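Every chain is numbered from 1 and lettered A, B, ... according to where its sequence line falls, protein lines coming before strand lines. Quantities reported herein were computed from a predicted structural model and do not represent experimental measurements.
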Amino acid sequence: MLDKGYEPHEVERKWYTCWEKQDLFRAKDKDERPAFSIVIPPPNVTGVLHMGHALNNTMQDILCRYKRLKGFNVLWMPGTDHAGIATQNVVERKLAQEDNDRHQLGREKFIEAVWQWRSEYGDAIINQLKRLGASCDWSRERFTMDEGLSEAVRTVFVKLYEKGLIYRGLYITNWCPRCRTALSELEVEHEEIDGHLYHIRYPFADGKGELVIATTRPETMLGDTAVAIHPEDERYADLKAQSVILPLMDRKIPIIKDSYVSREFGTGALKVTPAHDPNDFEIGKRHKLSSIKIINDAGCMTPEAGRFAKLDRFECREQVVKALKSGGYLIKVTNRKHGVGHCYRCKSIVEPNLSQQWFVKAKALAEPAIKAVKEGKTRIIPESWSKTYFDWMNNIRDWCISRQIWWGHRIPAWTCESCQELTVAMQTPSQCSACGHKMLIQETDVLDTWFSSALWPFSTMGWPEQTELLRTFYPTSVLVTGFDILFFWVARMMMMGIHFMGEIPFKDVYVHALVRDEHGHKMSKSKGNVIDPLDIIDTYGTDAFRYTLAAFAAQGRDIKMSKDRVDGYRHFINKLWNAARFSLMHLETGYEKIEAGNLSLPDRWILARLKKTIQKVETALEQYRFNEAASEAYQFVWHEFCDWYVEAAKPALYGKTEAAAANAAKQTLWTVLHDILIMLHPFAPFVTEEIWDKLPGAEGFILNAGFPAPQRYVDDQSILDNAEKQMELIMGAIAGIRNIRGEMNIAPSATLEAVFFSANSEQRRIASDYQDLIVNMARLTSLTVTDKIPASKTNATTIVSGATLLVELKGVIDFQCEINRLEKEVIKLTKELTGLSKKLNNDSFLSNAPANIVENVREKQNKLLEKKDKLTTTLERVRSMS
RNA sequence: GGGCGGAUAGCUCAGUUGGGAGAGCACCGGCCUUACAAGCCGGGGGUCACAGGUUCAAGCCCUGUUCCGCCUACCA
């Protein structure tokens, strides 16, 4: 017998170990079964499992387990990415604790230290995914720095370079002074900050008058090489002066005219700092201005900043403002909100910085990627995200791929010391391709981590080799991901996949929402509102957690997570456990065969409901409607199977009926439980495997059990046809009696007699066939079925499907209470009826609405009228007696 | 500035060809009924944000408004 309550921890450990040992997650390189594949969004190797991972991977696991049950050859490709900046930061912090740093160590030793770190801590997140139940094919786990994937990276780089799609150049990029590297525009998080707008006087060089400029970053003025005004600005039409004197630096700089300048902003005069602002850089190029770099890579002022040299950039701002003030140059300071970029890794304020970087020309690659989605070769789900995808792709900018760090794929480019020629090659070249000189220096930069992640769907499958795996599983079936990396990753995989494989990387992209805290705020360490998924798993069990995630994962809406919510689904898992516990007490063997002739109404009913539920769950999962699948299953298991079927089957199971009926009940119970377990397995893998293990006649692992086919229960499906309608009558009768009990405050222990009165012989037949069922479930002493209205006056009445149920309340009836109860019901009916007759009295409704709708309304009206009629009569009778 | 999403029961949310307003939790009342008190039975509760429009019919379609999120953008 099962324990009284479900205890997840030991069960989870046991089964995961077992699944892995039995190698059940392994995909076949080639197989007759249809292929289904997902590549995992590789978590950072430094990562720890957070709610986003938990949701993302739960969904993937649900799909993978479901597809395995459906008979697919499933590949869920796992792995991690090397997270260049993040990992380097982590290892550098560790070194700092040892009073060391990477420069002391040197590049080679540092890389060794990172690998060392990876071998010690790098599989933390993988182990956490296993606790979540993830059924990845771990035998194929990949890492973006693996030799194979590194070769893919080099191949892609060289090919793109040869095609002219990668170039190197001196540009303004986003620079993180803390990480000391360039970032792509995506790696910059913009945040509105309360800043100031400084209005500064720039005197004309000839001493007569001045221009006033406004800036939020006064320290950059030290690098100004011009002041710009709009060519058609009338205020400056008569301007004679050619140049101004840059305050504090006493440098003469020209006044130039450029239509970029907005006439509406401030005085219409713009200071130009080509080395520290992307727009100014463009202006500088147009006007051939010189660039003066006044902030270095560490965020400190260079010697070009004169007396401000060596100051930190923030300190410098204060000093510059002070100096401007005392020099009489500062006119005013106003408050101003403005967007400031922060490094997405370390949150430092980024500095636009002039430097030599490598770029991917994105436009050409983006075009086919746009087309693929437009033509529906790749579907983005929910569809609304495709707009975001198109917007970004259509306005795509070149992608800065070089990073000035050490941990990552080193750019395979060499510069000749003699002729400066650049050689890009797969292997270290022995000599310069131009002059043959042997002194070549390799580029020190590494590639953006996303560059290697962009190849993930094919590099993990062995590309550039043409492997069997690629033939079987590329394009992958679906990519499951959060919208936060739609640009970073999805878009780039699309570009790279199409370019190098000649085919889209995935047929579907399912974009899911974010997990937030219970108040709808983004979880973050600084807010202290982070809920650790492993905490939840420890407290409530993995299955409860997964079910919660699935149940709340409605498309397009963020999930608010709290422990209380998981608790609700823990109850559900426990309910399932106890339903199984009960069932197993009565099942001695497997019951593959159902003898249809012996099935009772509840048997037939639950089988009909099971069939429908399984179909609904299937349909929902095929459409990525996880919440719908989860709640359909939940509703069925708890409120149909447990609440009704199990209760209804008890007399048979306890041997109070003839053997044939008892056996039919057991066959049904076994079948329904069997299929429930399979149906729930994708959502709750552990508890279902555990119960499966204990279920007589259940073979092997549930993981491979095969999804129930809709036709499997009975040969003659028509046996199930009327079951639902007939059962409604029985359930309605029971509910009606229970309602009388509840409403009239009759103790559950009080014994009651009831009469089922109907003019319809079919109804009387069903009622008398299942008399015992009604007696049992409504806790009656007896039920009389009759076609004559009984004479007793001391009863409470309810109407169900046109039949009248009278509950004998001799001595206990409270007439006023019964009047209230009936009145309430009549009022409700009257309300509904006015709505209906309004429709039916409307000629345009009758002539315009489809016939079946009109018929439905009419039918309903008749039913309600009849019911109201009967209740009114009853009400009058009770009134006359009180 | 541009774009997207949201507003439905006290709370969190479902509601896909426009025709029945629903679930879970919370709440109220009653139950240790031999699978489950992590449970069972019964009950109350909604002008579907606001204003118009289309339609025989609108939570759902259209227009506008308000409030709240998020993404995106080089006006210093």
Side-chain angles (χ1 to χ4, degrees), chain A residues 1-2 4-6 172 190 197-198 213-217 220 228 260-266 269-273 277-282 336 338-339 352 382 384-385 387-388 391-392 395 483-484 486-487 513-514 516 518 520-522 540 544 551-552 554-560 562 564-565 567-586 623 625 627-628 631 634-635 639 642-643 646-647 650 654 735 738-749 776-779 832 835 839 842-850 852-854 856-857 860:
Chain A
M1 188 156 86
L2 301 183
K4 202 167 171 181
Y6 175 60
I172 289 262
H190 291 274
L197 192 61
Y198 300 86
I213 61 91
T215 180
T216 54
R217 305 188 56 207
T220 62
Y260 166 78
V261 180
S262 158
R263 275 165 286 185
E264 286 74 44
F265 191 93
L270 171 73
K271 65 189 270 311
V272 183
T273 324
D277 182 282
N279 297 309
D280 293 8
F281 176 73
E282 292 299 321
R336 184 173 176 81
H338 60 123
S384 55
W385 283 108
K387 190 172 166 56
T388 309
D391 282 354
W392 190 74
N395 300 306
F483 58 76
D484 46 337
L486 191 61
F487 307 140
L514 249 48
R516 299 174 175 280
E518 58 187 315
H521 299 125
K522 207 167 172 169
Y540 302 99
F552 283 105
Q555 287 186 4
R557 193 189 277 257
D558 287 344
I559 298 176
K560 288 180 197 152
S562 76
D564 286 349
R565 282 180 203 186
D567 200 38
Y569 289 93
R570 180 176 63 142
H571 295 180
F572 174 65
I573 299 296
N574 192 56
K575 185 76 181 175
L576 171 69
W577 177 259
N578 273 290
R581 180 170 185 259
F582 171 82
S583 304
L584 292 177
M585 290 173 183
H586 299 279
Q623 297 171 27
R625 279 146 44 168
N627 64 319
E628 210 173 295
S631 51
Y634 179 102
Q635 198 66 23
H639 298 301
C642 292
D643 286 354
V646 168
E647 294 304 321
K650 273 180 180 173
Y654 281 121
R738 283 173 174 175
N739 172 271
I740 289 171
R741 243 185 220 284
E743 291 279 281
M744 312 224 6
N745 295 317
I746 296 161
S749 51
N776 248 308
M777 292 190 71
R779 303 182 142 264
E832 268 186 85
K839 273 188 180 175
N842 184 345
D843 284 338
S844 44
F845 172 71
L846 295 176
S847 53
N848 287 319
N852 65 318
I853 295 289
V854 177
N856 283 350
V857 175
K860 196 166 172 194

I want to check one thing: is the phosphate of [N], taken as OP1 and OP2, less than 4.0 Å away from some side-chain N or O of [X]?
| X | N | answer |
| --- | --- | --- |
| A/Y6 | B/rA35 | no |
| A/K560 | B/rC11 | no |
| A/H571 | B/rG39 | yes |
| A/K575 | B/rA38 | no |

Determine whether a donor-acceptor pair (one donor, one acceptor, N or O, separation below 3.5 Å) exists between the side chain of [X] and the base of [N].
| X | N | answer |
| --- | --- | --- |
| A/Y260 | B/rC74 | yes |
| A/S844 | B/rC56 | no |
| A/E647 | B/rA35 | yes |

Aromatic ring proximity A/Y569/A/Y634, centre distance under 6.0 Å: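 So the answer is yes for these two rings.
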Minimum-distance nucleotide (side-chain atoms of A/P850 versus B/rG19, B/rA35, B/rG5):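 Of all the options, the side chain of A/P850 is nearest to B/rG19.
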Touch class at under 4.0 angstrom, heavy-atom based, for A/H639 against every strand present: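 The residue A/H639 makes sugar-phosphate contact but no base contact.
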Sugar-phosphate only, base, or nothing, as touched by A/K4 at under 4.0 Å among non-hydrogen atoms: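 The answer is sugar-phosphate, as A/K4 gets under 4.0 Å only of primed atoms, P, OP1 or OP2.
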Identified pairing partner of B/rC50, criterion: Watson-Crick or G-U wobble below 3.5 Å: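 B/rC50 is paired, partner B/rG64.
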A/N574 side chain vs A/G5 backbone, donor-acceptor pair below 3.5 Å: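 Such a contact is absent between A/N574 side chain and A/G5 backbone.
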Pair A/T273-A/K271, side chain to side chain donor-acceptor pair (under 3.5 Å): steps then yes or no: CA-CA 7 Å; A/T273 324; A/K271 65 189 270 311; 2.9 Å; yes
